[in-house]
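Accompanying notes for the structure given below.
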Number of protein chains: 2
Amino acid sequence: MEAALKAIAEPRRREILRLVWDAERSAGDIAAHFDVSRPAISQHLRVLKEADLIFERREGTRRYYRAHPEGLEELREFLEGFWEENLSALKRAAEKEERRKARASAGDRRRHA
Amino acid sequence: MEAALKAIAEPRRREILRLVWDAERSAGDIAAHFDVSRPAISQHLRVLKEADLIFERREGTRRYYRAHPEGLEELREFLEGFWEENLSALKRAAEKEERRKARASAGDRRRHA
DNA sequence: AGCTTACGTAAGTGTCAACTTAAGGATTCT
DNA sequence: AGAATCCTTAAGTTGACACTTACGTAAGCT
């Protein structure tokens, strides 16, 4: 999971993900979209592959890459869980704060009376 | 956005985020949850702050940190957009693949006829 | 077999990130 | 003012990361 998060923290890798998301593409095809060297792209592809975010298929001298739905879904669920777990906590905290303010204001009234 | 993604790619920072999510906590309080030095935590706090994921409040000699809902929400929306944009693409790709298979199988039948 | 094509891997470099210890504010207490 | 507390910033180290060029490998072509 760590690997997946690190993987998508890199802009070029996110761009690669978008490229292979709806179509299988060869390494060369992918590399052509960027102005860095091909080995650089090759290395990004390895990172994505090791994070289980893409899938590699070899055909002749070519290597085709495409999105790996299971890995992507796992990452999405992790993030969603992170948010869910916490946004509800944030909400509780906000409500608590509201109550605190309400009490404080009631105290003001008592003191001023 | 980049900064926020990099920020949450670090396990300790995610843990810090969870700590300050539903309660404001002092730097020392936060640091007590980890077995790295306090400066290390201080630096993580700075990263989170610069990514607009937490908020700092000074009171006397203490510094209190809490979640920064706007920044977190922005990050959440970015990720959701990323998924939405792409999961629909994945879905289209899957359907296309289905049609391809269907055509192939129809072709088989024609060839075999 | 030899040449070409399409890639990856190796090795080296500059930069950034996470950590450490040491030193420097800022605020409060006496 | 001086001492103590709480925390950050500074400086230095180590390892990771994104990139480069050079080399290696596997499949197809002649």
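In what follows, chains are A, B, ... by sequence order, proteins preceding strands, each numbered from 1.
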Can you name the nearest heavy-atom pair linking A:Lys6 to B:Ala9, along with the distance?
CE-O, 3.9 Å

Counting just side-chain N and O atoms, does B:Ser37 come under 4.0 Å of either OP1 or OP2 of C:dT21?
no

Does a nitrogen or oxygen in the side chain of A:Arg46 sit under 4.0 Å from OP1 or OP2 of C:dT9?
yes

Give a yes/no on whether any side-chain N or O of A:Arg13 is located under 4.0 angstrom from OP1 or OP2 of D:dA18.
yes

Output yes when at least one side-chain N/O atom of B:Tyr64 is less than 4.0 Å from OP1 or OP2 of D:dC6, else no.
no

Distance below 4.0 Å between B:Ser42 side-chain N/O and D:dT8 OP1 or OP2
yes

Taking only the side-chain nitrogens and oxygens of B:Arg62, find out if one of them lies under 4.0 Å from OP1 or OP2 of C:dT28.
no

What is the separation between atom CZ on A:Arg63 and atom C1' on D:dG28, rounded to the nearest whole Å?
16 Å

What verdict does the salt bridge (Lys or Arg N to Asp or Glu O under 4.0 Å) test give for A:Glu15 and A:Arg12, after you've listed the backbone C-alpha separation in whole Å, the side-chain angles of each residue and the deciding distance to 0.1 Å?
CA-CA 5 Å; A:Glu15 197 52 41; A:Arg12 244 180 281 271; over 6 Å; no

State whether the distance check finds a donor on one side and an acceptor on the other, under 3.5 Å, for side chain B:Glu59 versus base C:dT28.
no

Over how many whole Å does the gap from A:His44 atom NE2 to C:dT9 atom P extend?
15 Å

Contact class for B:Ala27 vs. all strands (heavy atom < 4.0 Å): base, sugar-phosphate, or nothing?
sugar-phosphate

May I ask you to evaluate whether B:Tyr65 reaches the phosphate of D:dT8, defined as a side-chain N or O under 4.0 Å from OP1 or OP2?
yes

Parallel, tilted or perpendicular, as decided by the 30° and 60° cut-offs, for the rings of B:Trp21 and A:Phe82:
perpendicular

